[in-house]
Amino acid sequence: MQPSWTDDRKRRAFCERGRTMTPVRQARVTDHRTIVECVQRWWGDSRTPDQARELSLLLPKLFLQFFAGTSLVVEDDAGVRAFLIGFHSADDAHEAYIHFVGVDPELRGRGVARGLYTAFLHQAAEAGCRRVRSVTSPGNTGSIAFHRALGFTLEEGDRRVDGLPVHSDYDGPGHDRVCFSRQITLR
């Protein structure tokens with residue numbers, strides 16, 4: 001079931017940003033170019049321009065063509081400040097997946113990503129999903145800590161690296177991943 005953002009309660013999902021509250025809105029196909037540019041800019045401080053461009057390739061337009069209704073954007077007068085690309089499984093009506101989350105470096109550490117996850121988890125639960133999954137690379141210690149802090153558990157892998165359960169070659173040869181899951185319920 002596709003979530004509806006026409007209900008005022010859902011449209012008023014907010015992310016805390018310092019003292020101001022920034023509304024979360026449903027993503028649109030027309031956000032694609034801006035989101036790709038944000039990824040290249042926001043990760044430019046930790047990657048080469050080529051690596052940042054390569055990272056943005058994880059977000060082909062099809063994610064917004066087919067999953068805009070379950071993806072979220074935080075926007076203010078300065079433009080897109082954060083986003084979450086996620087979807088409900090077509091093969092298992094009880095599962096959802098968070099594919100990619102980005103937050104403007106100026107807003108990191110202020111609860112914006114947590115707000116996006118909270119809104120996504122709520123809409124997924126309302127749609128009948130009971131579990132949310134996500135993955136990251138074993139070296140992304142910030143993402144691992146963030147998911148753990150939000151109550152995600154690490155799924156057992158086929159080996160351990162630095163004490164973490166890792167799924168070898170999850171995204172192809174040499175692309176190991178740490179897999180997370182979290183039970184969700186309607187409150």
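Residues: numbered from 1 along the sequence shown.
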- prompt: Any sub-3.5 Å donor-acceptor pair from Arg159's side-chain atoms to Ser168's backbone N or O?
  reply: no
Pro165 vs Arg160 side-chain heavy atoms within contact, under 4.5 Å: yes
- request: Could you walk me through whether Trp42 and Asp104 pass the side-chain contact (heavy atoms from CB on, under 4.5 Å) test, one step at a time?
  value: CA-CA 6 Å; Trp42 296 345; Asp104 185 326; 3.7 Å; yes
Shortest non-hydrogen contact from Arg130 toward Ala125: NH1-O, 3.3 Å
task: Decide side chain to side chain donor-acceptor pair (under 3.5 Å) for His147 and Tyr117; before the verdict, give the C-alpha distance in whole Å, the side-chain angles of both, and the deciding distance to 0.1 Å.
output: CA-CA 10 Å; His147 283 89; Tyr117 269 69; 2.8 Å; yes
query: Does Arg47 come within less than 4.0 Å of Glu54, counting only side-chain N to carboxylate O?
result: no
task: Report the C-alpha separation of Gln40 and Arg53 in whole Å, then their side-chain angles, then the decisive distance to 0.1 Å, and conclude whether the side chain to side chain donor-acceptor pair (under 3.5 Å) test is met.
output: CA-CA 6 Å; Gln40 292 174 4; Arg53 269 191 301 284; 5.6 Å; no
- prompt: Is Glu75 salt-bridged to Arg25, going by a charged N under 4.0 Å from an acidic O?
  reply: yes
message: Just to verify, which of Leu59, Ile85, Val73 counts as forming a side chain to side chain contact (heavy atoms under 4.5 Å, CB included) with Leu64?
response: Ile85
query: Does Arg177 offer a backbone N or O that forms a donor-acceptor pair with the side chain of Ser137 under 3.5 Å?
result: no
task: For a ring-ring contact (aromatic ring centres under 6.0 Å, His included) with Phe100, tell me which candidate from Phe87, Trp43, Phe67 qualifies.
output: Trp43
task: Using a strict cut-off of less than 4.0 Å between a Lys/Arg side-chain nitrogen and an Asp/Glu carboxylate oxygen, indicate whether Glu37 and Arg33 qualify as a salt bridge.
output: yes
- prompt: Hey, is the main chain of Glu156 close enough, under 3.5 Å, to the side chain of His167 for a donor-acceptor pair?
  reply: yes
